[in-house]
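Here's the structure, in structure tokens; my notes come after.
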Amino acid sequence: MREALHISQSQTELLGTAPSVTVIIFILLSSYVAAKLEMKKTIIIGLLLAGIGGILPVFASSFPMVLISRIILGAGLGLYNPLAVSYISALYTEDTRASLLGMRNSMEAIGQTVLIFLAGILVNISWTASFAVYALAFPIALVFAWKVPAVTVEKKESSSKEKMNPAVYALVAFAILLVMNSIAISVRFSSIATEINGSAFNASNCLALMPILGIIAGFVFGSVHKLFGKATMYLGVSFFIAANLLIAMSSKNMLPLLLGLFLSSIPGSWCFPFIFSNLDKITTKNTVNFATSLIFIGCNIGNFIAPITMSFTQTITGSKELTAPFYVFAILFVVVLAVTIGATRKQNNDPVKESI
């Protein structure tokens, strides 16, 4: 694409980051738009924007048009993404809701894998043809409009302006940490593995298993949640602690590195569905959609700052070892686990909070 458009490296990177900016903006706006238009119409508009913005380079392949298309794509994705969670929470309850939220998490990974595969086939025709994969948004919007019932979230009347529960901001911070750690593991795995096995080692096969394990973990989340209840969150965080410790101690051993990599693919598929499944118990009906949006923004922030954080944690440890930052991540998740257990016990001992 860079050669065809005769653009610089910075312009190429701009095309890659432009959707991220509008995704964050429209994630923030999605709850307000949904309140005005209702969730179903907002999701359909988001899908149509994603489809139009996505396929635009197929028909107009100048740099300005591709940039505009990426901005529109990000707007569409940001508009409907958090509402997918809100829709499930509005239509279903208890174990069914938990199972579907786990499946939603898995479908993200499946969708990404399928679209990348299709784009890889289409790029053999031309680089513009690969953008045709976004046309799938149109039949999805059609099926959604035809089959999915409209949902109206009843707002609870309040004489004063409701404030967001501070616990939501703690969940946003947790989302930043979780995504940041996941990205750090997937990015640094190859370098650590190469140090152990030599430059001829191909890490891609191991990394390819991560989304598969995440998909499986998402599909079994409903059963795990039904079996362990609130302890599902403890289990997910504990897996992250174990994953980080295994990677941190794997400087000369491939086995703990692989175990750490595979373990790290599970917690996100359990923690996020658990959070979304219980979010309506933490915040009010009037703020739950916005709270969901904030957590999605936290995920985007974690993705963006992961490389910066790795350099920062490397400096903190004072070590040149590639595995050193994962000791810091392990300590942070130990703190998260302790705070989570403490907060849950406090809530259980408070009859007012428990009723909420």
Side-chain angles (χ1 to χ4, degrees), residues 16 105 108-109 112-113 170-218 232-272 298-341:
N105 209 76
E108 280 190 1
Q112 185 177 22
T113 303
L171 292 175
V172 172
F174 174 72
I176 293 172
L177 178 62
L178 195 151
V179 173
M180 187 169 58
N181 194 188
S182 297
I183 296 295
I185 290 172
S186 60
V187 167
R188 188 152 286 194
F189 171 79
S190 299
S191 299
I192 300 171
T194 301
E195 277 194 347
I196 297 171
N197 294 312
S199 58
F201 179 75
N202 184 2
S204 60
N205 292 332
C206 299
L207 289 170
L209 287 174
M210 281 190 72
I212 296 174
L213 292 172
I215 290 167
I216 295 171
T232 305
M233 188 70 167
Y234 308 153
L235 194 61
V237 176
S238 298
F239 274 17
F240 246 134
I241 295 169
N244 280 293
L245 287 175
L246 285 166
I247 293 171
M249 296 184 293
S250 66
S251 56
K252 295 182 180 180
N253 194 332
M254 195 65 188
L255 181 59
L257 179 63
L258 286 173
L259 288 174
L261 176 72
F262 296 150
L263 270 180
S264 71
S265 63
I266 298 173
S269 298
W270 288 354
C271 291
F272 282 125
C299 294
N300 281 274
I301 293 172
N303 190 16
F304 180 74
I305 67 173
I308 302 169
T309 307
M310 288 297 286
S311 299
F312 179 67
T313 51
Q314 194 85 50
T315 304
I316 291 175
T317 59
S319 172
K320 294 182 180 179
E321 290 285 335
L322 294 175
T323 56
F326 296 101
Y327 284 111
V328 178
F329 281 119
I331 292 169
L332 289 173
F333 276 107
V334 168
V335 173
V336 168
L337 183 61
V339 170
T340 304
I341 292 173

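No experiment lies behind these values; they were computed from the predicted model shown.
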Compare all side-chain heavy atoms of [X] with those of [Y] and state whether any distance is below 4.5 angstrom.
X      : Y      : result
Ser250 : Phe326 : no
Thr340 : Phe174 : no
Ile176 : Ile305 : yes
Asn105 : Trp270 : no
Val179 : Ile183 : yes
Phe189 : Leu322 : no

Value rounded to 0.5 Å, distance of [atom1] in [X] from [atom2] in [Y]:
X      : Y      : atom1 : atom2 : value
Met310 : Thr315 : CE    : OG1   : 11.0 Å
Leu178 : Ser264 : CG    : OG    : 10.0 Å
Leu257 : Glu195 : CG    : CD    : 10.5 Å
Leu258 : Asn253 : CG    : CG    : 9.5 Å
Ser238 : Met233 : OG    : CE    : 10.5 Å
Ile241 : Leu263 : CD1   : CG    : 12.0 Å

Partners of Glu108 by salt bridge (charged side-chain N to carboxylate O under 4.0 Å, His left out), sequence neighbours excluded?
-> Arg104
What closest approach, in Å, do Val237 and Cys271 show between heavy atoms, and which atom pair accounts for it?
-> N-SG, 4.1 Å
Where Ala243 and Gly260 come nearest, the two heavy atoms and their spacing = CB-O, 3.3 Å
Evaluate the side chain to side chain contact (heavy atoms under 4.5 Å, CB included) criterion for residues Asn244 and Ile331: first the C-alpha distance (whole Å), next the side-chain angles of each, then the deciding distance (0.1 Å), finally the verdict.
-> CA-CA 9 Å; Asn244 280 293; Ile331 292 169; over 6 Å; no
Not counting sequence neighbours, which residues clear ring-ring contact (aromatic ring centres under 6.0 Å, His included) with Phe240? List them please.
-> Phe333
Which is it for Ile316 and Tyr327 under the side chain to side chain contact (heavy atoms under 4.5 Å, CB included) test, yes or no, and what are the steps along the way?
-> CA-CA 11 Å; Ile316 291 175; Tyr327 284 111; over 6 Å; no
Would you sort out whether Phe329 and Leu177 count as a side chain to side chain contact (heavy atoms under 4.5 Å, CB included), showing the intermediate values?
-> CA-CA 8 Å; Phe329 281 119; Leu177 178 62; 4.0 Å; yes
What residue among Ile185, Ile192, Leu246 forms side chain to side chain contact (heavy atoms under 4.5 Å, CB included) with Leu261?
-> Ile185
Counting distance only, does the side-chain N/O of Ser269 pair as donor-acceptor with the main-chain N or O of Gly214 below 3.5 Å?
-> yes
